[in-house]
There are 2 protein chains.
Amino acid sequence: MQAPELVERMLRGDRRAVARTISLVENAAPQLREIMAGLAPHTGRARIVGLTGSPGVGKSTSTNALVKALRARDESVAVLAVDPSSPFSGGALLGDRVRMQEHATDGGVFIRSMASRGHLGGLSWATPHALRVLDAAGFGVILVETVGVGQAEVDIARHADTTVVLCAPGMGDSVQAAKAGVLEIADIFVVNKADREGARVTARELRQMVGQVEHGPGEWKPPIVSTVAAKGEGIDELLGRLDEHHAHLTATGEADRRRFARAREEIEAIVMSTLRARLGDVHGHAALDKLADAVATGHGDPYSAADTLLAALDT
Amino acid sequence: MQAPELVERMLRGDRRAVARTISLVENAAPQLREIMAGLAPHTGRARIVGLTGSPGVGKSTSTNALVKALRARDESVAVLAVDPSSPFSGGALLGDRVRMQEHATDGGVFIRSMASRGHLGGLSWATPHALRVLDAAGFGVILVETVGVGQAEVDIARHADTTVVLCAPGMGDSVQAAKAGVLEIADIFVVNKADREGARVTARELRQMVGQVEHGPGEWKPPIVSTVAAKGEGIDELLGRLDEHHAHLTATGEADRRRFARAREEIEAIVMSTLRARLGDVHGHAALDKLADAVATGHGDPYSAADTLLAALDT
């Protein structure tokens with residue numbers, strides 16, 4: 001399928017065209033350039049909600065419960081599961097297929113995993129590109145689920161309008177999570193598996209954490225929602241909080257600011273990828289390999305090596 | 001202190017000079033260029049051991065126990081705690097000071113936290129630089145401790161000779177961790193808190209996981225070590241496994257290959273940082289902001305915007 005046809009089908013909401021385009025994103029296909037130009041006027045409408053938390057807190061279950069609740073309101077939903085830790089294998093894909101079956105007959109749901117194979121920023125535009133595709137395809141809500149704490153969490157906050165950080169009782173991570181910087185990125189905290197021992201303690205710790213940060217009048221203060229996602233408990237409250245945060249973003253102009261910041265990063269990432277590719281074109285692999293060998297054996301330093309590569313780019 | 005003096009002091013093992021240089025790394029100081037050139041001939045001797053795992057598995061405790069055990073063998077040890085998830089606050093520094101006290105009078109131990117503030121690869125050279133400094137300063141073993149699963153784990157494997165992945169029983173993460181790609185990066189698995197319920201199950205699950213991967217003759221098969229780091233139990237066995245892996249790396253030439261790959265990435269990261277800085281010099285912020293605004297409002301696509309920026313770089 002050629003790019004114009006793909007774009008046209010996507011704008012009609014054809015899910016196969018959407019899936020195909022996200023594969024193009026994963027493979028960094030050259031057609032993306034034309035596709036993105038075609039999609040641009042149709043973007044900027046979807047609500048992007050990020051879900052993150054340590055392995056085992058119940059991210060997939062919570063995402064599924066949210067999908068059901070959103071479908072009950074007749075909103076179209078796309079789920080993008082990003083696995084930034086798996087440059088090696090498409091490990092998330094099995095879970096994908098299992099989850100797909102549940103909604104296989106529902107045209108209002110689209111579920112897709114995406115492995116981000118790059119590092120050093122090499123594929124840092126992949127997630128924003130995929131979100132751009134799903135947005136233009138007309139999904140009202142996009143749930144972005146990510147694996148793991150750490151950089152992945154900070155990244156999701158950069159891509160999402162609303163970031164939901166999930167915790168679970170007894171995982172010893174609520175307080176440590178604060179250290180790991182999630183306090184700065186969470187718009188909503190969820191204590192999932194709230195029927196387990198220690199759930200109240202976890203919720204209290206989170207409340208104290210949030211309480212330690214000063215929130216001015218009119219500023220958003222992250223609420224703490226208790227859920228048992230596997231039973232659907234607390235999901236309506238979570239949805240209510242998501243709506244409140246969305247209204248807050250819109251009212252304060254923060255939604256536009258976040259959209260602007262995302263566009264800025266997306267452009268920068270493309271610029272850097274392009275420069276990286278040019279560098280490869282100029283040098284091939286041999287020059288870098290030779291320099292790396294010198295640095296590895298103590299016969300050179302990385303800055304001088306970088307200078308050599310850059311000098312060739314300038315000529 | 002000028003760069004030549006810093007280098008000279010560092011090579012004598014002056015710990016204040018080492019601390020100062022790592023601060024220069026954190027701040028991306030221009031002197032690094034000269035310092036790295038001075039250190040280059042003295043690098044390539046340290047054993048770099050990465051420790052990673054979810055929050056709460058006992059990474060700090062395990063690191064401390066390893067430090068003690070290594071000191072008992074009279075090896076000099078540096079600990080670098082990298083917190084890739086905290087671009088916002090120096091949250092790890094408090095823990096740092098607490099830990100420092102334990103070894104304050106021991107000249108053979110150096111402990112330092114480092115926040116990595118960059119994203120999009122902006123400071124991706126920070127960890128390799130810090131390792132380069134500690135290596136040149138003559139530390140025999142460098143323990144790199146990182147926070148969180150996800151990209152941080154994959155990253156540490158790129159920097160370390162040996163990567164230790166810690167798990168703890170009952171955290172529901174051993175199997176999910178496999179999904180998250182740790183199987184590919186772990187050289188040694190540790191089940192810490194092995195006196196807790198479920199420790200055997202966790203160890204067995206890990207063994208099964210490892211068993212599912214085919215290991216050819218002469219290939220390293222990640223062992224699973226049970227520890228109670230808080231009591232020092234199992235640490236000697238862990239140390240033994242670390243020695244075995246080190247011997248394996250040396251015998252197979254893999255140590256050199258890993259050193260080469262690291263140098264390669266370090267050079268690339270410096271090249272990309274330099275190009276990013278040049279882009280900023282050419283445009284200031286205004287041009288990118290204007291383009292980002294157009295993209296955010298659907299009046300342009302990110303590729304055309306990137307083209308505009310790159311065109312100015314070429315002239």
Side-chain angles (χ1 to χ4, degrees), chain A residues 33 36-37 40-41 43-44 54-56 84-89 91-92 120-121 124 147-154 171-173 176-177 179-181 184 259-260 263-264 266-272 274-276 279 288 291-293 295-298 300-306 309-310, chain B residues 33 36-37 40-41 43-44 54-56 84-88 91-92 120-121 124 147-154 171-173 176-177 179-181 184 259-260 263-272 274-276 279 288 291-293 295-298 300-306 309-310:
Chain A
R33 171 174 279 272
M36 290 301 158
T43 54
S54 300
S85 60
S86 190
F88 310 101
S89 61
L120 289 178
S124 46
V147 171
V149 287
Q151 192 56 43
E153 274 187 335
V154 177
M171 287 189 53
D173 62 353
Q176 295 216 27
K179 264 177 56 181
E184 288 92 345
R259 189 165 291 133
F260 168 78
R264 210 175 178 285
E266 206 179 344
I267 298 168
E268 250 198 304
I270 293 174
V271 167
M272 297 315 286
T274 308
L275 289 173
R276 184 187 308 276
L279 216 58
L288 176 55
L291 291 163
D293 194 56
V295 171
T297 54
D301 70 282
Y303 284 97
S304 310
L309 290 176
L310 285 165
Chain B
R33 173 175 276 273
M36 290 301 158
T43 54
S54 299
S85 60
S86 189
F88 310 100
L120 287 178
S124 47
V147 171
V149 288
Q151 192 56 43
E153 276 187 330
V154 178
M171 286 188 56
D173 61 354
Q176 294 218 26
K179 264 176 56 180
E184 288 91 345
R259 189 164 290 131
F260 168 78
R264 208 173 180 287
E265 290 202 15
E266 207 178 344
I267 298 168
E268 250 197 304
I270 294 174
V271 167
M272 296 317 284
T274 309
L275 289 173
R276 183 188 307 277
L279 215 59
L288 176 53
L291 292 163
D293 195 57
V295 171
T297 53
D301 71 282
Y303 284 97
S304 309
L309 290 175
L310 286 165

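Protein chains get the first letters and strands the later ones, always in sequence-line order, with residue 1 at the start of each.
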Spatial distance of atom CG (Leu309(B)) from atom CE (Met272(A)) [nearest 0.5 Å]: 11.5 Å
Point-to-point distance, once rounded to the nearest 0.5 Å, from CG of Leu310(B) to OH of Tyr303(B):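 Answer for the CG-OH pair, Leu310(B) versus Tyr303(B), is 12.5 Å.
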Close side-chain approach of Val295(A) to Asp301(A), heavy-atom, < 4.5 Å: no
Non-hydrogen side-chain atoms of Leu288(B) and Val271(A) separated by less than 4.5 Å: no
Pick from Ala296(B), Ala305(B), Ser304(B) with the largest number of heavy-atom pairs that fall under 4.5 Å of chain A: Ala296(B)
Winner by heavy-atom pair count (cut-off under 4.5 Å) against chain A, out of Pro41(B), Gly300(B), Ala37(B): Ala37(B)
Contact winner vs chain B - Ala40(A), Ala306(A), Pro302(A), heavy-atom pairs under 4.5 Å: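 That would be Pro302(A).
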